[in-house]
Amino acid sequence: MKLIYEKSVEGRKGVRIPVRDVKHYPFLPVDLLRKKPADLPSVSEFNTVRHFSALEKKNFSIDSNFYPLGSCTMKYNPKVLESAANLPGFRNLHPFLSYSARGLEAAQGALEILYNMEKALASLTGMDEISFQPMAGAHGEFAGIKIAAAYHAVRGEHRKIVLVPDTSHGTNPASSAMAGFDVVTIPSDKNGEMDMGEYRKKLNGSVAAVMMTCPNTLGIFNRNIKEVCGLARKAGALTYCDGANMNAVLGKMRPGDAGFDIMHLNMHKTFATPHGGGGPGAGPVCVKKYLSDFLPGEAVRKDDDGRFVIVKRPRSVGRLAPFFGNFGVLVKAYAYILLMGGDGLTDACEKAVLNANYIKAALEKFYELPYKRRCMHECVFSASAQAKKGVRALDIAKFLIDRGFHPPTIYFPLIVKEALMIEPTETESIETMDEFIKIMKEAASLAEEDPEAFKKMPVNSCVGRMDETAAARKLDIKYSK
Amino acid sequence: MKLIYEKSVEGRKGVRIPVRDVKHYPFLPVDLLRKKPADLPSVSEFNTVRHFSALEKKNFSIDSNFYPLGSCTMKYNPKVLESAANLPGFRNLHPFLSYSARGLEAAQGALEILYNMEKALASLTGMDEISFQPMAGAHGEFAGIKIAAAYHAVRGEHRKIVLVPDTSHGTNPASSAMAGFDVVTIPSDKNGEMDMGEYRKKLNGSVAAVMMTCPNTLGIFNRNIKEVCGLARKAGALTYCDGANMNAVLGKMRPGDAGFDIMHLNMHKTFATPHGGGGPGAGPVCVKKYLSDFLPGEAVRKDDDGRFVIVKRPRSVGRLAPFFGNFGVLVKAYAYILLMGGDGLTDACEKAVLNANYIKAALEKFYELPYKRRCMHECVFSASAQAKKGVRALDIAKFLIDRGFHPPTIYFPLIVKEALMIEPTETESIETMDEFIKIMKEAASLAEEDPEAFKKMPVNSCVGRMDETAAARKLDIKYSK
Amino acid sequence: MSYCPHTDKEIEKMLRVIGADSVPDLFSDIPDDLRAGELALENGKSEFEVMGKLEKLSANCSAGRISFTGGGFYDHFIPSAVDALSQMSGFLTSYTPYQSECSQGTLQALYEYQTAICRLTGLDGANASVYDGGTALAEGIMMAARKTMRKKIVIDACVNPLYRDIVKTYFSGQGFEILEIAPDGCAVDREKFIKAIDDNTAAVVIQNPNFFGTVDDYSDITAAAHSAGAQAVGSFYPVAMALLKTPAETGFDIATGEGQSLGMPLSFGGPYLGYVAATSACLRNLPGRIVGATCDSEGRRGFVLTLQAREQHIRRERASSNICSNQNLCAIRALIYLSLAGKKGFREVAELSRDKSEYAKELIGKIPSIKIKNTAPTFNEFVFETDLPADTVLEAMSKSGIDAGIALGGFYKGFEKSVLISFTEKSRKEDIDFFARELENFLTERK
Amino acid sequence: MSYCPHTDKEIEKMLRVIGADSVPDLFSDIPDDLRAGELALENGKSEFEVMGKLEKLSANCSAGRISFTGGGFYDHFIPSAVDALSQMSGFLTSYTPYQSECSQGTLQALYEYQTAICRLTGLDGANASVYDGGTALAEGIMMAARKTMRKKIVIDACVNPLYRDIVKTYFSGQGFEILEIAPDGCAVDREKFIKAIDDNTAAVVIQNPNFFGTVDDYSDITAAAHSAGAQAVGSFYPVAMALLKTPAETGFDIATGEGQSLGMPLSFGGPYLGYVAATSACLRNLPGRIVGATCDSEGRRGFVLTLQAREQHIRRERASSNICSNQNLCAIRALIYLSLAGKKGFREVAELSRDKSEYAKELIGKIPSIKIKNTAPTFNEFVFETDLPADTVLEAMSKSGIDAGIALGGFYKGFEKSVLISFTEKSRKEDIDFFARELENFLTERK
Ligand SMILES: Cc1ncc(COP(=O)(O)O)c(C=O)c1O
Ligand SMILES: Cc1ncc(COP(=O)(O)O)c(C=O)c1O
């Protein structure tokens, strides 16, 4: 399909710009001006509509496809969430209004949402205070590690190590490193949990924080988390919970109760805000009371008259976003929380776990299951048996694309060879999962019978298998005509 | 693809209904109640979203396909029109408010739209007053013929005949018949215009009205319309202009000036309101001053204080809609008129005619052109040469579907054998038309080389060629499980 | 400005292919004396200006107050998914599904819609929509007239007065006799009505719940019609049908109605949705489009427009109706709405709407000077009478921010002090309480 | 309630397959002492109640008054098509395009977006977005720090103070020295700035137009940076770039900025769009996702995520950034916006915004007690000073229904009586006139 630039026709006009009701003022001095106009597309509004309508059809999406991408919680995004975020009072509110008394008046409704949501999330996580500045999970992690750094700094301690399990998501070590820490990895034991022996060995006075994902990326609930947290506390380290997988425990278990000091949530996973093909999300960072002064950005509080006010945090790690992060995403998450309520969120959690275990049980005989135990919201298979025949996880992914199913996450977590990480989420029906199971079984049979057949796949998509190596070698990241 | 009923699972719940804040009252007496609940689908909200997302993909549409369906004016529907109709003041306004003084206050903005639009449309058509009650073109025709009937009735004349040309749209004779008139058809002459000799012959004291389409459905501007109207007037008959093709003359020529007494407009064609897969449209009926008392429904007027009021029409033919017709569609049309302005509408008309003539010129050598002359907004070819090889207009239509182009209107107008009626509209670009032309040429070649190939088409759509005969014979118009 | 993509260069190229010198040249067929002069229209404006203007006009409509206005058009809740799904461009920007293979989305949806209407009414077939509930009723009666070849129509005056107007317009001047039977209180005058049926009668015409909100069982009337060889035609509020005896169970041959309540915003009167359903004996007599299931060349199920030989584009002056464009997108909205609400939820909507109305009736009924006029059961609306002209009462309520219903005096003699008030599942108890208080206060003060 | 489709029967069946007795059974791995107690959350509500509540909260935000508030976040016009297109479910409800063959829509759009950013900035490559303009600036400086392996950052205090805060947060506690150069009036203090650059300097950091609205040519500063072996990093307002010398033309190595103006609503601070572009020498050092063109097995062009070896999911602690989810949909919105506005229209937006600002500057400048603080040219905003504390002035204007800008005292010493005021193509002349009148009246009265 042509690029919008290839469709551009010199002289063609797009939307009409608002009428000019003031005179033309003299141009800026010529030495401040660009030499020639940016070569943006010259297309009609209708050209644009056709172009993006065509592009949109080339995507799989939750509304059209089962999307069991592990660790991504691709649940149904209720349509009403869009209506909520588009309410004019929210949509048109200028953020700088939060910087003046008169502006606060104008923003009361928005501040009330932040205030209420903090309460709701605190109750779900067992944490005490929350900053909404982080704009995605990784941003929340960075905030959390910064908080740990500040906490130790205030106490005059120089701790330079963050411990992460080998199952951790790549953002965990990356966020730690970006905050200036050295990352030490702890292996998993044969149950897919953190190896406590190794953990004890590596936990020492240089450790600033321990990051765990709960449940972890194998979909396994680490039964030792309380001990992990307790040991860390004794060693003077803080514990961080990567809450990306909260959908597995909502209403069942609260990281705060297990002893975690800090955590983040992924609103674009657990709280059903649409992922938009990669973002925007929101990754609020939550802490216990004793760390709340360090939170990034300002706090929203209620004053004695019931008005919402913005209060500076005395020892804040600083600002991570100009205002309150991805507010529009937060409104959607808030609407979701109100719609679901405590009962609905718990129900969602139960059904998410039920669905994952159902798929696990149904496919257990066809794919190797590296950890044979109950799973939480997702299950991780290995295609290593198939790989021996030459059919890799990637090939199975392409097979699924041809059948209209989005593939699972593949090759993650890293400790599972040829990983197929399947997270159905609670909003999928048994019919859809049965269809998926059927097709996964077909893939397994085909891998036995005709492994070569996979190499040509996908054939039903708008393009065939992409040459990713060539892409990196002969870098072409912008169109030059 | 499964029906929504086939996806239904007993006990599955849809959207949550608002909370009950009043007690349960005793049921209605049992003899008033239905025996069992209506067997509507039991599906989740997400099931519904998936179902309709899948269905939506099975349609061609203006946003995704060139749609040169003749006589339908499938132009781009600006996205802003939807925003306009959804403004809360319009969307949530109860129509019965127009029945009281206090209600009129609440409806001032809506009435202003109707008032202004009447003025705008009057200026475009050369007519004087307009009723917005008719909800589509055919409804407008019915209104117009009813007005003619009332006009003659008031004068004590018993005229029972309506004259229509053989090129007229089926709704013209059908509307006339539904209003109790006998329909007499006038043939076209060799230029594709009304045969004036035949017209003169058939025009007599029994003729209540003459209906013409301007330009006609051959895409030809009848150069004699003024004479047609003049002769009718002399004979005491009224003239009706079917304005479905107004896109061809907007700003260029006004039916009112040609002498027409009555006409309707198709807002869902000329004024860019989306057609919604078959409706809703709006078909306002416009008349000259001397017929305005007969218009259906009430008039909107401005009083001395500049307030908008609703005024009964003394000799109205009656009510054709409970209120002001498809108001939501009218808001879109009004927004379109404001966006386009007089200059834009005229420009649209010019480009519509330019585009049609371009396609005509480009395909003239490949398809028989029954009327070899300039066309207006559409051109009508005949596939009769191809039909001799066994490739009918319908086959060419299916060929186009396979190539992602919506077919032209086929087999209409009736006087052209194997008609292919092509209306590109003004919003199509030359690239798209060139692509269409190329494919139409391919069809012509293929018809020469391999006529049999057409019979299997389409093959790229979600279903193959449908058995329409079986559908009518073994009538299955509802799902029974 | 317009939405045309044409550049000057392209225009030149096209003119060359056409063999014309200029664009105005293309209009040479328009005689000089018919050339339009200057249009009395302003030039086009940008989206910003136009939306600015429309937002002002919208703000000048005080929609969204507490409202108990109904009269056949109800403020039921519309889930966001109805808009989101129906506005997808495949539904919104396609034309009539003449070419079935590239219109299966619309066609299957209509087949499902027809099924839903059949399941609601209990009847055997439904068409793909007509304009609205009023024209649906007129079309339904025309079906009966065609079938019976008779010229007399007996209609209960408890049918929505606006619909009766529409029926009169459709049938005027064609030798039909339309006999309106005045109500007995807020209900049909059974005796008079049945007496009026004779062997010239093409159709008896009934509405349930009627315009006053009264619910009834019309089996006796449809039986009387049938024994006189007439057809029974009715107009039915779909939400009430979730609970009430179906038109089929009550003996109606043809059921019609307004589908606005199934996901259409009030929108000052339209676009709404007329539905028409009928017994199997009448199906080939239905107006407008009908979708049927069939198979493709490989035996796969698919859908097409069927029985097109009834329609104007084939049969012209002998068509069963002149209708061409219908309210397709509204039918799809209704189907989406019914799918979202579902078998269970749709009943809940009906039950809640009725119970809110019962609650209000109880509350208002306690106000000393007020009389509830309906003596028979009601669904979600009823009529109350005070000692004052209805407009005085409504005016006062309006000052309290409440649209308290419809004054009936303009439609019915003897109802000058009567107000038709209605409720849906959206009517909040606190708003009903507030209204009852305001009403009582006002009436007491005026004493 | 939840959005789960499960019926009791299905749950039973699934449990049987799993071999579990009950759903709670599945949670047996959670130790008893970690079981959550009762949640302090209300039960779920229906869409009707929730939207009712949110509508009230929305109404409690007085957005939509006359506003001249900017400061890096501007109320430009957003054509309806931006919403309509970006909210199509293929864009809205898909995940990151890891599986390229079923994500070509997102991938091609991102490639086109990257191209647009390159064409605006004049630079060689851009990534697929980061969170916002502030984090983009921090990421840009980190690129420079990695490249130069130096630890000193010289930043103009005319850079948005909120962005400087973000930069400080990112770099704190890691041995970096961040040197802020106080402004000279409303412009960079050239001399001091250039003097501060030395061979420890990783990056010089500039914003154009700066936070005061002042437009400048920073070629001398970037040249000084380069001769010291430092990189030049800037933050650029995309609408201004339609007119101004490009970052490339001015010698910047890395251009970053806030894309909110390209079709994102203000939305109380987000979601917005951070862009990062760089010269070819820096491309493999970019943070986050990048889309590249390549071919499929049959040689057809297609798009993939490329250079993934830079990213956290491959390189973990050695990744060029920790970013994973970005602001993808906002990038697509920006591309749609730029396509709709087009080459010509986008310049018009810039010209109009500036001319409205010039008009206001002229008008306000005439008020006796007012001083325009910018001495150099400005783009669409400027600083004015009165004899009163800025908050007093803003408070008064607010009473007239005008949000008249940002009080600068909280951000800059010596600016306690200064207001930053901004304009876009949407600022109506009549509103500017009204504001100027109100302002003059107020200042006169207070005399
Ligand atoms: C376990 C885990 N942690 C962290 C992240 C990062 O979240 P984000 O993409 O919102 O930055 C993810 C996202 O996939 C994740 O799955
Ligand atoms: C020439 C002409 N007249 C009348 C009509 C009927 O209009 P509607 O479908 O709005 O009833 C049409 C519609 O196709 C038409 O093309």
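Proteins come first, then strands; the chains are lettered A, B, ... in the order of their sequence lines, and each starts at number 1.
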Determine, stepwise, if the pair A:H268 / D:S325 fulfils side-chain contact (heavy atoms from CB on, under 4.5 Å).
-> CA-CA 9 Å; A:H268 44 301; D:S325 290; 3.6 Å; yes
Audit row: D:L394, A:R102, side-chain contact (heavy atoms from CB on, under 4.5 Å) steps and yes/no | CA-CA 8 Å; D:L394 291 173; A:R102 99 214 108 82; 3.4 Å; yes
For A:N59 and D:T93, run side-chain contact (heavy atoms from CB on, under 4.5 Å): C-alpha distance rounded to whole Å, both residues' side-chain angles, the deciding distance at 0.1 Å, then the answer.
-> CA-CA 9 Å; A:N59 275 356; D:T93 75; over 6 Å; no
With side-chain contact (heavy atoms from CB on, under 4.5 Å) as the test, would you mind laying out the steps for D:H6 and A:D347 before giving the verdict?
-> CA-CA 10 Å; D:H6 304 67; A:D347 186 52; over 6 Å; no
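Heavy atoms closer than 4.5 Å to chain D are found in both the backbone and the side chain of A:P322. Heavy atoms of D:K53 lying under 4.5 Å from chain A belong exclusively to its side chain. Proximity to chain D (any heavy atom under 4.5 Å) is shown, for A:A149, by neither the backbone nor the side chain. For A:K23, the parts lying near chain D are the backbone and the side chain together; criterion is any non-hydrogen pair under 4.5 Å. In this structure, chain D has a heavy atom under 4.5 Å from the side chain of A:T346, while its backbone stays farther away. Proximity to chain A is limited to the side chain of D:Q174, based on heavy atoms less than 4.5 angstrom apart. Using a 4.5 Å cut-off between heavy atoms, D:A407 does not touch chain A at all. Using a 4.5 Å cut-off between heavy atoms, D:R354 touches chain A through its side chain atoms alone. The part of A:P407 that comes within reach of chain D is its side chain, from C-beta onward, which places non-hydrogen atoms under 4.5 angstrom from that chain. Looking at D:E55, both its backbone and its side chain come within 4.5 Å of chain A, counting heavy atoms on both sides. Heavy-atom distances place no part of A:I220 under 4.5 Å from chain D, backbone and side chain included. For a residue to count as touching a neighbouring chain, one of its non-hydrogen atoms must lie under 4.5 Å from one of that chain's; by this rule D:V304 touches chain A with the side chain only. Within the 4.5 angstrom heavy-atom criterion, only side-chain atoms of D:P79, from C-beta onward, approach chain A. D:I406 touches chain A through its side chain: at least one heavy atom from C-beta onward sits under 4.5 Å away, while N, CA, C and O do not. Heavy atoms of D:T306 lying under 4.5 Å from chain A belong exclusively to its side chain. Only the side chain of D:V23 comes within contact range of chain A, judged by heavy atoms closer than 4.5 Å. Contact annotation for D:R318: neither backbone nor side-chain heavy atoms come within less than 4.5 Å of a heavy atom of chain A. Heavy-atom distances place the side chain of D:I290, and not its backbone, under 4.5 Å from chain A. Of the atoms belonging to A:F323, it is side-chain heavy atoms, and not backbone ones, that fall under 4.5 Å from chain D. In this structure, chain D has a heavy atom under 4.5 Å from the side chain of A:Y76, while its backbone stays farther away. If you measure heavy-atom distances from A:Y479 to chain D, the contacts under 4.5 Å come from both the backbone and the side chain. With a threshold of 4.5 angstrom between heavy atoms, A:Y99 approaches chain D through side-chain atoms but not through N, CA, C or O. There is no contact between D:A128 and chain A, counting heavy-atom distances below 4.5 Å. Both the backbone and the side chain of D:S321 come within contact range of chain A, with heavy atoms under 4.5 Å apart. With a 4.5 Å cut-off on non-hydrogen atoms, A:M74 touches chain D through its side chain but not through its backbone. Both the backbone and the side chain of A:L32 come within less than 4.5 Å of a heavy atom of chain D. For chain D, the nearby part of A:A321 is the backbone; its heavy atoms alone come within less than 4.5 Å. Both the backbone and the side chain of A:A120 come within contact range of chain D, judged by heavy atoms closer than 4.5 Å.
Within a 6.0 Å radius of NZ in A:K119, more than 12 heavy atoms belonging to other residues, nucleotides or ligands are found. Within 6.0 Å of NZ in D:K245 there are more than 12 heavy atoms belonging to other residues, nucleotides or ligands.
Note on D:Q308, D:E298, D:K356, D:E42: by heavy-atom pairs under 4.5 Å with chain A, the leading option is D:K356. Of the listed residues A:M376, A:Q108, A:M135, A:E426, the one with more heavy-atom pairs under 4.5 angstrom with chain D than any other is A:M135. Interface summary for chain D: among A:A177, A:P29, A:P41, the most heavy-atom pairs under 4.5 angstrom belong to A:P41. Options A:E82, A:R34, A:M1 differ in how many heavy-atom pairs under 4.5 Å they form with chain D, and the most are formed by A:R34. Counting heavy-atom pairs closer than 4.5 Å to chain D, the top-ranked of the candidates A:S53, A:S176, A:G137 is A:S53. When A:P458, A:P95, A:G277, A:A174 are compared by the number of non-hydrogen pairs under 4.5 Å with chain D, A:G277 comes out ahead. With chain D as partner, the option from A:N77, A:D31, A:L69, A:V329 having the largest number of non-hydrogen pairs under 4.5 angstrom is A:D31.
Atom CD in A:E428 sits 10.5 Å away from atom SG in D:C4 (nearest 0.5 Å). With rounding to the nearest 0.5 angstrom, the CG atom of D:L26 is 11.0 Å from the NZ atom of A:K351. In this structure, SG in D:C102 is found 4.0 Å from NE2 in A:H406, a value given to the nearest 0.5 Å. Separating the CG atom in A:L33 from the OG1 atom in D:T246 is a distance of 11.5 Å, to the nearest 0.5 Å. Rounding to the nearest 0.5 angstrom, the gap separating the CG atom in A:L87 from the OG atom in D:S267 is 11.0 Å.
With respect to the salt-bridge test (charged N to carboxylate O, under 4.0 angstrom), the residues D:R35 and A:D257 do not qualify. Salt-bridge check for D:D29 with A:R374: failed, with every basic side-chain N at 4.0 Å or more from each acidic carboxylate O. Between D:D165 and A:R319, at least one side-chain nitrogen of the basic residue sits less than 4.0 Å from a carboxylate oxygen of the acidic one, meeting the salt-bridge criterion. Ion pairing of D:K343 with A:D39 is present here, as a side-chain N (NZ or NE/NH1/NH2) and a carboxylate O approach within less than 4.0 Å. At a threshold of 4.0 Å, the pair A:K398-D:E101 counts as salt-bridged, since one of the basic side-chain nitrogens sits closer than that to a carboxylate oxygen.
Note on ring orientation: taking the six-membered ring where Trp is involved, the planes of D:F73 and A:F96 are tilted (angle from 30° to 60°). Using a 30° and 60° split on the angle between ring planes, A:F324 and D:F268 fall in the parallel class, below 30°.
Two rings, from D:Y131 and A:H139, have their centers less than 6.0 Å apart. Taking the ring centroids of D:F27 and A:F221, they lie at or beyond the 6.0 Å cut-off.
Between the side chains of D:Y111 and A:D476, at least one donor N or O sits under 3.5 Å from an acceptor N or O.
Using modelled atom types, one side-chain atom of D:E249 and one backbone atom of A:K35 make a donor-acceptor pair closer than 3.5 Å.
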